[in-house]
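Working notes, structure below.
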Amino acid sequence: MTDNFYGEVLADHNLHPLHRHELPCATHVCKGLNPTCGDDIELHLDIHDGVITDGSFTGLGCAISQASADIMLELIIGKSPDEARYYASLFHKMIEGKISDEELEELEEAGALQNVSKMPARVKCALLSWNTMEKLLNGGDS
Amino acid sequence: MTDNFYGEVLADHNLHPLHRHELPCATHVCKGLNPTCGDDIELHLDIHDGVITDGSFTGLGCAISQASADIMLELIIGKSPDEARYYASLFHKMIEGKISDEELEELEEAGALQNVSKMPARVKCALLSWNTMEKLLNGGDS
Amino acid sequence: MKVSEKLISKADFPVFEKYKDLVYLDNSATQQKPRQVLERVEKYYREENANPLRGLYDLSVKATDAYENSREKVREFIGANSTKEIIFTRNASESLNLIAYSWGRANIGSGDEILVAISEHHSDLLPWQLLAKEKGAALKYLDCDKYGEYKADDLKKALTPQTKIFAIAQISNVFGRVNPIKEFAGICHKNGTLIVCDGAQSVPHIPVDVNDLDVDFLAFSGHKMLAPMGIGVLYGREELLEKMPPFLSGGEMIEYVTRDGATYAELPHKFEAGTVNVGGAVGLAAAIDYINEIGFEAIEKRENELTELAFNEMKKIPYVNIIGSEKAEDHHGILTFTVEGVHPHDIAAIFDADNIAIRAGHHCAQPLHQHLGVQSTTRMSLAFYNDEEDIKRFIETLKTIRRRMGYDG
Amino acid sequence: MKVSEKLISKADFPVFEKYKDLVYLDNSATQQKPRQVLERVEKYYREENANPLRGLYDLSVKATDAYENSREKVREFIGANSTKEIIFTRNASESLNLIAYSWGRANIGSGDEILVAISEHHSDLLPWQLLAKEKGAALKYLDCDKYGEYKADDLKKALTPQTKIFAIAQISNVFGRVNPIKEFAGICHKNGTLIVCDGAQSVPHIPVDVNDLDVDFLAFSGHKMLAPMGIGVLYGREELLEKMPPFLSGGEMIEYVTRDGATYAELPHKFEAGTVNVGGAVGLAAAIDYINEIGFEAIEKRENELTELAFNEMKKIPYVNIIGSEKAEDHHGILTFTVEGVHPHDIAAIFDADNIAIRAGHHCAQPLHQHLGVQSTTRMSLAFYNDEEDIKRFIETLKTIRRRMGYDG
Ligand SMILES: Cc1ncc(COP(=O)(O)O)c(C=O)c1O
Ligand SMILES: Cc1ncc(COP(=O)(O)O)c(C=O)c1O
């Protein structure tokens with residue numbers, strides 16, 4: 001298992017995602033597309049009284065985009081949209097290689113994606129779910 | 001005068017052309033254009049009973065095209081259209097560097113243009129009047 | 001049969017000197033350049049560079065010769081009748097757009113049909129899609145089976161009296177299969193339909209003769225055949241090109257311009273607006289020389305051997321699925337595949353970690369992927385300068401993919 | 001003010017090493033290339049070559065970086081706000097055609113007017129002529145005086161509520177005069193008219209800032225500014241480009257394609273169909289580096305000094321007539337002239353015999369020649385790498401022209 005190309009955390013979230021399923025009655029749904037590779041994601045969020053009470057994703061993507069989506073949902077479920085946006089801003093900082101150690105800690109497992117900042121071709125994969133979430137919170141799609 | 005860039009014959013035909021004038025009642029007129037440089041020529045021929053009885057040219061062109069036109073007219077006035085075509089074929093041969101010594105002699109003063117075969121950019125200038133004549137004899141323009 | 005004058009040698013390619021460990025298997029995307037091509041281009045800029053065609057001085061005559069001799073070399077290479085039929089463009093995409101804009105806008109009207117093979121690269125699809133939309137014509141597809149094969153009968157059925165043009169690649173950049181262009185051209189012409197052949201993947205790999213194939217148009221790119229980027233070719237039958245209106249306009253493609261109008265230059269210049277890319281054309285000619293010196297016989301032999309080796313090894317891996325034909329000889333150096341449970345991006349990333357360059361995605365053929373029911377795939381594509389060691393390295397890594405993604409075994 | 005880091009040196013240009021006796025004065029047609037540019041392009045092909053933008057491996061990332069860094073360099077060079085505004089094309093001609101096809105076909109209708117300066121190069125004239133014909137719009141000309149000057153008042157009078165676009169070069173390739181683009185842009189915008197600036201002759205020679213000039217589009221060619229052939233630039237204001245439909249279509253310029261339609265990629269990729277010319281872009285970036293290292297201050301100083309020297313000497317020869325302004329400082333390295341009684345072709349041929357490269361003809365500006373009432377002219381055009389010796393040789397030969405054509409004295 002130490003042989004894992006992307007490391008334990010990502011491999012685990014990719015092979016055994018917690019949040020990869022339908023969420024038929026979600027209050028919000030938004031689609032994201034990564035044109036470079038044709039990957040797509042559908043993000044479902046249940047938002048009630050200013051709290052993201054549940055969330056899931058569907059769609060096809062590489063390990064990085066899938067793990068990133070799963071980890072993101074793990075982080076934002078139970079939080080407010082503003083907190084979710086804050087995490088998104090931290091995540092962007094991390095990918096740009098501009099994050100402080102304290103901030104990195106706040107990102108919890110998402111920190112496992114830090115190395116993506118060294119893989120320019122994969123940055124879009126890691127960001128897909130985060131960008132889709134921001135689009136959703138800003139009123140994108142339905 | 002030995003300093004003449006194109007040699008005596010061409011300089012002379014360029015500066016003092018015999019056939020550069022209007023020919024208002026010519027039976028045949030044909031225009032030629034050298035698009036590379038914008039040079040144009042208007043060739044006038046009087047053809048009666050199968051003989052080119054008179055001819056002239058007007059239009060603007062470089063020394064090579066002007067001298068070539070003047071020398072050509074010198075050669076074909078008094079000849080039949082078929083003979084004129086024959087000279088044209090010899091002239092083409094010369095420009096392509098494929099002419100025999102005997103044939104070159106037949107071309108008389110036109111032989112002064114032999115060096116043009118070594119100036120690819122000027123080939124079109126030398127050929128302008130000859131091509132226009134062939135077009136005329138084959139029924140081009142009026 | 002002519003014996004090759006030159007042996008295949010990876011040492012001709014400086015990139016492999018720089019990166020000794022690199023296995024380059026993305027040749028369908030673009031090829032690496034031999035030093036002979038780079039040196040020829042550099043020589044042009046050192047000794048022959050000028051604006052050609054209109055110059056009245058020695059250097060410009062040299063540039064003109066360099067350019068027109070390159071055109072003649074291309075003409076000979078694809079067996080065209082005349083250099084008037086050889087238009088230099090930027091790449092195959094531009095060549096195809098030129099046809100769609102110039103021929104298309106003059107000849108396609110509402111009610112007409114355009115037939116396109118479903119495996120076409122976007123560059124041989126979008127220009128037709130846009131044309132059809134603009135003109136109210138119908139865009140129809142000819143579908144292939146899962147082995148990538150197009151059937152003559154299907155083509156005959158798809159053609160109607162309204163079908164004005166049929167666009168198909170000689171070799172698809174996903175399947176690697178050679179389509180029977182000559183047969184299809186015959187069927188099209190019997191129906192009064194023109195045929196456009198996208199030769200981007202065939203011209204670099206097999207001998208192509210436009211007269212033998214009897215195609216109306218052929219498009220290809222220099223950069224996929226050892227030449228620099230920025231140069232491509234459109235072949236068109238003279239009668240067709242003659243009647244087509246100009247596409248891009250500007251310097252060098254006119255005879256005469258006035259305030260109110262213009263007359264256009266003779267072929268091929270009518271379609272080459274602005275200062276031409278002599279350096280690129282010279283590079284393409286040098287690439288053709290290089291290919292000719294090795295010879296297509298040797299090139300095909302090597303590419304087929306390597307394809308077969310890779311194909312057979314891939315077949316042994318149970319979770320690897322090759323797209324297209326089940327016969328190695330149908331693949332001509334292009335092996336597109338999926339690995340069960342692993343996304344093509346991750347596959348490519350792992351290959352990259354092992355210094356092997358392959359491609360993942362839809363390979364600019366999304367409608368084909370939709371047709372095949374796969375979202376994206378991974379592709380390895382080889383060239384004659386690859387060797388057995390490259391294939392071995394490729395197979396070794398391929399075998400590790402699932403394990404490295406966290407799957408057992 | 002920044003002191004130049006690098007001195008002007010002809011020794012950087014290999015062509016002058018090869019031809020020690022060559023005087024190259026056809027720089028407006030195309031420039032020679034310094035070894036720094038050639039080496040940078042060669043390095044790209046040796047160390048960074050791959051198909052960029054979609055590759056998931058190291059070499060392709062290198063190619064993508066090389067390409068996008070070049071775009072950023074161009075952006076900075078012309079002061080654009082964003083790399084989204086920088087489209088790589090083949091040459092200035094293609095850039096201008098792109099505007100006419102994409103913006104033009106979407107925005108010009110019957111009854112509209114297109115205004116073009118009479119001194120425009122065919123590449124900034126024919127695309128508008130064709131557009132006007134196709135759409136039933138009126139093509140109008142803004143005339144200059146015999147000094148090559150355009151007056152603001154004339155422009156104001158020429159603009160009507162129907163004038164949708166005005167096309168003018170910043171520097172005409174015949175006059176060499178700098179047109180007051182900034183002022184004209186203001187006048188146009190007040191009238192709701194867009195302004196296209198042909199920068200083919202200005203961008204290589206003077207600092208150009210698109211925001212300061214306030215132009216809507218700017219087109220130029222790499223080969224006229226030390227870069228290889230086959231690469232050009234279109235700058236367009238982002239809001240305009242954003243709304244324009246694609247021009248060429250194919251690989252790399254889409255987001256998503258289905259059988260029935262496509263969504264297009266973001267700027268700038270929307271306008272770059274097919275495999276891009278990374279080698280060319282990298283060469284252009286190296287050319288910009290080279291120019292920046294010398295600095296426009298030094299470049300302009302040198303070019304103006306040489307222009308003045310040539311101008312003053314030419315003025316002393318009674319049978320030489322300079323086209324355009326009577327002031328040397330209005331010529332910016334371009335001196336177009338006639339010699340009484342001698343055809344421009346013969347002039348060029350004599351110069352060539354003395355190993356001096358100049359151009360003769362209509363310089364792709366036939367309507368201007370008609371307007372000026374001359375059939376053709378001779379042009380010498382210099383670059384900063386020319387020197388006094390070049391000018392002396394030019395003048396010496398010029399003095400002999402009439403004698404060598406057989407005239408007395
Ligand atoms: C003013 C001007 N505009 C446009 C062009 C066209 O440039 P290109 O031939 O590189 O497309 C030129 C050069 O020929 C020019 O001088
Ligand atoms: C089959 C096919 N057609 C067309 C193209 C387009 O070639 P280019 O990108 O060089 O224009 C390609 C390559 O990308 C291809 O594989």
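Throughout, protein chains are lettered first and strands after them, A, B, ... in sequence-line order, and every chain is numbered starting at 1. Here the structure is a predicted model, which is why all the values come from computation and not from measurement.
- Residue A:E106 qualifies as enclosed at atom CD: its count of foreign heavy atoms under 6.0 Å is above 12.
- A salt bridge is defined here as a Lys NZ or Arg NE, NH1 or NH2 lying under 4.0 Å from an Asp or Glu carboxylate O, and A:R122 with C:D346 meets this definition.
- Chosen from A:S65, A:A11, A:A63, the residue pairing most often with chain C at heavy-atom distances under 4.5 Å is A:A63.
- The minimum heavy-atom distance between C:A349 and A:F5, with the atom names listed, is O-CZ, 3.4 Å.
- C:K315 NZ: more than 12 foreign heavy atoms inside a 6.0 Å radius.
- Inter-residue side-chain proximity for A:Y6 and C:R404 is flagged as unmet; no heavy-atom pair is nearer than 4.5 Å.
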_Pair A:M119, C:D352 - check side-chain contact (heavy atoms from CB on, under 4.5 Å), show working._
CA-CA 11 Å; A:M119 301 186 228; C:D352 181 43; over 6 Å; no
*Would you please test A:L15 and C:M405 for side-chain contact (heavy atoms from CB on, under 4.5 Å) and show each step?*
CA-CA 9 Å; A:L15 293 179; C:M405 284 305 291; 5.7 Å; no
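- Proximity to chain A (any heavy atom under 4.5 Å) is shown, for C:A348, by neither the backbone nor the side chain.
- Residues C:R403 and A:N4 approach most closely at O-OD1, 4.2 Å, considering heavy atoms.
- Side chains of A:I64 and C:H345 form no contact here, defined as non-hydrogen atoms less than 4.5 Å apart.
- When the shell of 6.0 Å around NZ of A:K79 is examined, it contains more than 12 heavy atoms from other residues, nucleotides or ligands.
- Heavy atoms of other residues, nucleotides or ligands lying less than 6.0 angstrom from NZ of C:K10 number more than 12.
- Annotation: A:E96, atom CD; neighbour count of heavy atoms from other residues, nucleotides and ligands within 6.0 Å is above 12.
- Counting heavy atoms from C-beta on, the side chains of C:H343 and A:N14 never come closer than 4.5 Å.
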